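Reviewing the structure listed below.
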Amino acid sequence: MKLAKAYQPELYESDIYALWEKLESFKPAQHGDPYSLVVPPPNANGNLHMGHALAFALQDIAARYQRSIGKSVLFIPGADHAGFETQVVFERELEKKGKSRFDYSRESLYQQIYDFVDNNRDNFATQIRRLGASVYWPSYTFTLDKEIVRLAYDTFRKMWQDSLIYRGERLVNFCTFHGTAFADIEVEYREEKGTLWQIKYPLTDGSGSIVVATTRPETMLGDTAVAVHPQDSRYKDIVGKTVRLPLTNRDIPIIADDYVDRNFGTGAVKITPAHDINDYDVGKRHDLPFITVIGFDGRLTHAVPERFRGLTVVEGREAIVKELTKLGLQVGATEHIHSVGHCYKCSTVIEPLLKEQWFVNIKPLAEPAIAELKKGSINFLPLVKRKQLERYLETIRDWNISRQIAWGIPIPAFQNEEDPDDWIYDERVDQETITVNHKIYRRDPDVFDTWFSSSSWPYATLDYPDGNNYKRYYPLSLMETGFDILMPWVSRMLMLGLYITGQIPFRTVYLHGLVTDKHGLKMSKSKGNVVNPMSVIDKFGSDSLRIGMISGQTPGNNQPYIEAKVIGGRNFCNKLWNIARFVESLVDDFNNRTEAKTETDADHWILLGYSKLLETYVSLMDSYRFSEAFENLYHFIWDDFADWYIEASKVSPNPPLLAALLEAVLVLAHPFAPFLAETIWQTLELSPESVLSSRQLIRLKTADNHKANNFNHIKDLIISVRSTIKAVGAKDVVLYIRNIHSTPENNDVIKRLSQLKSVESTEEGRGIAVSGTSIDCWLDIDQKLIDNYLRTLDIKIAETRTNIDRLQTRLNNKNYVDRAPAELVNQSRSQLVEAEQEMENLLLEKQRYKS
RNA sequence: GGGGCUAUAGCUCAGUCGGCUAGAGCGCAGCAUUCACAUUGCUGAGGUCCAUGGUUCGAGCCCAUGUAGCCCCACCA
């Protein structure tokens, strides 16, 4: 089969992926050291975005590279039910039909969302295939798969038995629009302008009053104390007295607590234990009553005077301030900037509300994780993220794992109808009530936080505890994910991994940054700056997208999506394609070719280049420096192979060597351009038994360094000649080259690549001397151009002088000579000798033309 | 309030152990054109490595301070 003139990815990509699947190319090899990685499961309901394109590129490059060095690679794909996220998406669908989640039972809602996600699954898997991800599909895992649910239950039960789970009425972050609680980390804080009101609370005994400062007057109806600082002399005498809470007939105590900041506001704080996290702590310390005045619907409750009941928080605030003002109790209002928590989906202000929830006592889990981090047993890229994670774990609060949504794993806990404190663990979650010991228990309607189950991902996907995969591939070699989920996900995987398996869950964590638009702004639908990876593939091909994403990429930094980089990738693919076409034109049968012999200087030079490349490539790939590895490969293929070696080949072709080089280079390129490399491999029918994707790195024969270096001199000469010809504006020039440097074949290369009229061997110099090369040679240029030549000569003389001065200054510095490594000093010395020689030649040359 | 990141060519970014003339891609200027490839080739211009101070024989890199932009965490009633 012949290669077409230009690479058209759309003609090949889907066939190539199908071929890989048919041949089970991504099935882990029987032999070889294990290397494992798991896709951080994208939301099963959605389309992949640019962040996924980057993540899959990085992961797949790692996987393919590791296969090429003989590892047994297990690369596991998966999808996340993404509880709350997905329910929100589904609710929007319902909304379009004029329905809401309240129209259905929890079971029905679950089933509908399940079907909805199931319908989208093909779409999702197709996109992963289009990205070329070399995942092993039979190991595909979904976060609601039986085994995953099983593990979530086992984990919950183990924690229950270890007394790490407790149920408590705590303040939770509650979104009154979505009707569910969130973990601390899910709340989005924003700086906002608010008002700080000063409100006078009269003392019950009529002996005066105390003024408190608050941004939330509506919660005063739930106040159960006023707090001042114990050392605050202003209030010393009234601590222990009570105040009559305005708008109510309750008397509440004035207490002393050093939580209070004397310098803020009036130094007196109203304490509302049921609606503020700090007040909650104060309330606990002082054993105050908890009065809930805001309900889960975001409206004032029955605990407030009738005229305020049912008002929203905002309405209540207005009404209360109005009434206080009328009573003369509102004695000040100043603008105040503070940060307010919002629901990250709907922006509703998060209310801290008292709610019974399941919590994980996190300290015992965090401590071993911190210890592992400190030991450095996990390699972080970038390293700085390790410290950040450590700090996060040191201050982490207990983890609320209940969510009040339908889409998720039901919590396997039941409550005694008679005794609310009697909770039992039971997995019969398909039943609303169960009977145990003649007592009726009612199922907790809540589901687990998504992170609770997805944090078991590293071992759950490996069939913990009995699976062979677990035994062979745990801990994972690599966890590649976005740095935005370092805290919510990576931290929890680490804690759970240690807790359940007793081992770290992964050896290396690679964190990529956010893919922004070209101006560095976050991509979002509302800004209209979203680029869809699938349309990029349509336009430029999958490999081009991949190369565009990883070139210049480093871990931990955001990176803009730049189309020019994708185009650069496309051009590279085209270059490699055309190299293959050139080689194809010289080789009849790739499988029955004679062994490559090394003949010309160019042959030795390219072989030496390849072996250097191979060494650099392996060391960079091993340390996850993909961008640099690719850059080296890119320049070898484009500059060395195409621009020099192939050009030289046109003078004296060595087809077997060209074929061997092409083959070798395709193996190195395939992690970066898998579709292209495989297409060439298949089309040229290289090693027909195996696809490229299971081919290991190829070591070529060694080169003669002396001959290779000879070609370097030829290269320098050609560059100098080109540059000189251009500078003086000559055409059709003859080059004379001294006999000892000359071989007929190199002369032909020089002639061709410098576009000379001819190259002739000579004993004596004729014409102008070519500088910047160690080969003695002369260009026979037209006398009329001598002035131009002298000008370029002067420029060169000036440059050389600068160089000599710099080297001399350095060598005159006694400290340098004494303290710098001898190797370096010697290098400087020989550089100086060289430069001086060059100067001498240049001056002589100038002298020749002076008259 | 605590912690962190970033600042290098017109643009987007690399730069590992500090090593001497700081790189890439794109863009720009000029030249080339039936040749594997115009998705091309060749030649070239373009930098106070944010600022100041320090350490060092030597600093883009290490230390200190500052400036600008960004992020994370946590509490501000």
Side-chain angles (χ1 to χ4, degrees), chain A residues 3 5-7 184-185 189 196 212-216 219 227 259-261 264-272 276-279 336-339 382 384-385 387-388 391-392 395-397 483-484 486-487 513-514 518 520 540 544 548 551-554 556-565 567-586 619-620 623 625 627-628 631 634-635 642-643 646-647 649-650 718-719 722-727 729 752-755 799 802-803 806-807 809-810 813-821 823-825 827-828 831:
Chain A
L3 295 171
K5 185 164 177 180
Y7 176 55
D184 293 335
I185 197 137
Y189 286 91
L196 185 66
V212 300
T214 181
T215 53
R216 301 209 55 190
T219 63
Y259 147 68
V260 179
D261 175 358
F264 188 89
T266 59
V269 192
K270 59 192 265 325
I271 299 296
T272 323
D276 181 279
I277 188 78
N278 291 307
D279 293 7
H336 179 63
I337 296 182
H338 58 152
S339 83
V384 68
K385 296 290 171 189
K387 263 252 139 55
Q388 287 177 18
R391 290 187 62 87
Y392 169 72
T395 56
I396 193 170
R397 301 167 75 118
F483 68 9
D484 53 326
L486 175 67
M487 310 305 186
L514 185 70
K518 65 178 170 184
F540 300 107
S544 308
S551 45
Q553 191 270 349
T554 41
N557 290 324
N558 287 354
Q559 59 185 97
Y561 170 75
I562 306 280
E563 193 181 77
K565 289 206 292 179
I567 292 174
R570 194 239 356 229
N571 295 353
F572 171 75
C573 289
N574 183 255
K575 178 58 73 174
L576 187 49
W577 180 261
N578 275 289
I579 289 172
R581 285 183 66 215
F582 177 79
V583 176
E584 181 190 33
S585 70
L586 295 175
S619 113
L620 289 170
S623 43
R625 304 172 77 97
S627 166
E628 284 164 83
E631 205 174 299
Y634 176 99
H635 288 291
D643 288 347
I646 284 188
E647 289 310 316
S649 289
K650 290 173 182 171
I718 291 167
I719 289 167
R722 280 171 179 166
S723 162
T724 308
I725 288 176
K726 176 93 176 178
R752 186 188 169 89
L753 299 197
S754 314
Q755 304 209 294
E799 281 170 1
T802 315
N803 197 16
R806 191 178 33 241
L807 289 164
T809 312
R810 191 176 304 150
N813 180 348
K814 197 166 175 314
N815 281 325
Y816 173 72
V817 177
D818 291 349
R819 298 197 201 177
E823 202 185 330
L824 218 54
V825 178
Q827 194 187 314
S828 299
Q831 278 171 350

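Here is how names work: the chains are called A, B, and so on, in the same order as the sequence lines, proteins then strands, and each is numbered from 1. As the structure is a computational prediction, the values presented were derived from the model and not from experiment.
Of the C1' atoms belonging to B:rU52 and B:rA68, the separation is 15 Å, rounded to the nearest Å. Taking atom P on both B:rC49 and B:rG44, the two are 24 Å apart, rounded to the nearest angstrom. B:rG54 and B:rG15 have their C1' atoms separated by 24 Å, given to the nearest Å. Between B:rC37 and B:rC62, the two P atoms lie 48 Å apart (nearest whole Å).
Residue-level contact check: A:Ile271 touches neither bases nor backbone, having no heavy atom under 4.0 Å from any strand. Counting any heavy atom pair closer than 4.0 Å across all strands shown, A:Ile562 reaches sugar-phosphate atoms only and no base atom. Using a 4.0 Å heavy-atom cutoff across all strands shown, A:Thr554 reaches sugar-phosphate atoms only and no base atom. Within the nucleic acid shown, A:Val384 comes within 4.0 Å of sugar-phosphate atoms alone, with no base atom in reach, counting heavy atoms only. A:Ala268 comes within 4.0 angstrom of a base, heavy atoms only. If you check every strand for non-hydrogen atoms under 4.0 Å, A:Val212 touches nothing. Across all strands, A:Thr215 comes closer than 4.0 Å only to sugar-phosphate atoms, never to a base (heavy-atom distances). When heavy atoms are screened at a 4.0 angstrom cut-off, A:Pro382 is found touching no nucleic acid atom at all. Using a 4.0 Å heavy-atom distance criterion, A:Ser585 is classed as making no nucleic acid contact. Counting non-hydrogen atoms under 4.0 angstrom, A:Ala580 reaches nothing in the nucleic acid.
Here the nucleotide nearest the side chain of A:Asn571, chosen from B:rU40, B:rC75, B:rG25, is B:rU40. The side chain of A:Leu620 sits closest to B:rU16 out of B:rU43, B:rU16, B:rC76. In this structure, of B:rU21, B:rA77, B:rG4, it is B:rA77 that holds the atom nearest to the side chain of A:Thr214. When the nucleotides B:rG3, B:rC75, B:rC37 are ranked by their closest atom to the side chain of A:Arg581, B:rC37 comes out on top. When each of B:rC5, B:rU16, B:rG41 is scored by its nearest atom to the side-chain atoms of A:Asn557, the top-ranked nucleotide is B:rC5.
The phosphate of B:rG41 has neither OP1 nor OP2 within less than 4.0 Å of any side-chain N or O from A:Arg752. The phosphate of B:rA74 (OP1 or OP2) has no side-chain N or O of A:Ser339 nearer than 4.0 angstrom. Proximity of A:Arg806 to the phosphate of B:rU21: a side-chain N or O atom is located under 4.0 Å from OP1 or OP2. The phosphate of B:rG4 has neither OP1 nor OP2 within less than 4.0 Å of any side-chain N or O from A:Lys385. At B:rA77, one or more side-chain N or O atoms of A:His338 fall inside 4.0 Å of OP1 or OP2 (strictly under the cut-off). Note on A:His336: a side-chain N or O is less than 4.0 Å away from OP1 or OP2 of B:rA77. Between A:Lys575 and B:rG41, a side-chain N or O to OP1/OP2 separation shorter than 4.0 Å is present. At B:rU21, one or more side-chain N or O atoms of A:Arg810 fall inside 4.0 Å of OP1 or OP2 (strictly under the cut-off).
For A:Arg581 and A:Glu584, the salt-bridge test fails: no basic side-chain N is under 4.0 Å from an acidic carboxylate O.
For A:Lys650 against B:rA36, a side-chain-to-base donor-acceptor contact under 3.5 Å is present. No hydrogens or angles were tested; on distance alone, a donor-acceptor pair under 3.5 Å links the side chain of A:Lys726 to the base of B:rG30. Side-chain to base pairing of A:Tyr816 with B:rC20: one donor and one acceptor N or O lie within less than 3.5 Å of each other. For a distance-only test at 3.5 Å, the side chain of A:Glu647 qualifies as a donor-acceptor partner of the base of B:rA36.
The partner of B:rG30 is B:rC42, judged by Watson-Crick or G-U wobble contacts that both fall below 3.5 Å. Taking a pair to require two hydrogen-bonding distances under 3.5 Å in either a Watson-Crick or a G-U wobble arrangement, B:rG23 pairs with B:rC13. Across all strands shown, B:rU56 forms no Watson-Crick or G-U wobble pair with both key distances under 3.5 Å.
Residue A:Lys518 places its NZ atom among 12 or fewer non-hydrogen atoms of other residues, nucleotides or ligands, all under 6.0 Å distant.
Straight-line distance from the CZ atom of A:Arg625 to the P atom of B:rG23: 18 Å, rounded to whole Å. Taking atom CZ of residue A:Phe572 and atom P of nucleotide B:rG25, one finds them 13 Å apart after rounding to whole Å. The CD1-P distance, from A:Ile567 to B:rC11, rounds to 19 Å in whole Å. B:rA77 atom P lies 12 Å from atom CD1 of A:Ile337, rounded to whole Å. If you take OH of A:Tyr634 and P of B:rU39, they are 14 Å apart, rounded to a whole angstrom.
Formation of a donor-acceptor pair under 3.5 Å by the A:Arg722 side chain with backbone atoms of A:Leu753 is found in this model. Using a distance-only test at 3.5 Å, with no hydrogens or angles considered, a donor-acceptor pair links the side chain of A:Lys565 to the main chain of A:Ser551. Side chain of A:Asn803 to backbone of A:Glu799: no donor-acceptor contact under 3.5 angstrom is found.
Across the interface with RNA chain B, nearest-nucleotide mapping of A:Gln831 and A:Asp261 shows A:Gln831 to be the residue nearer the 5′ end. Mapping A:Gln388 and A:Phe483 onto RNA chain B via the closest heavy atom, the residue that lands nearer the 5' end is A:Gln388.
Distance CG/A:Leu807 to CD/A:Gln831: 5.5 Å, rounded to 0.5 Å. Separation of atoms CD1 (A:Ile579) and CD1 (A:Ile646) is listed at 5.0 Å; rounding is to 0.5 Å.
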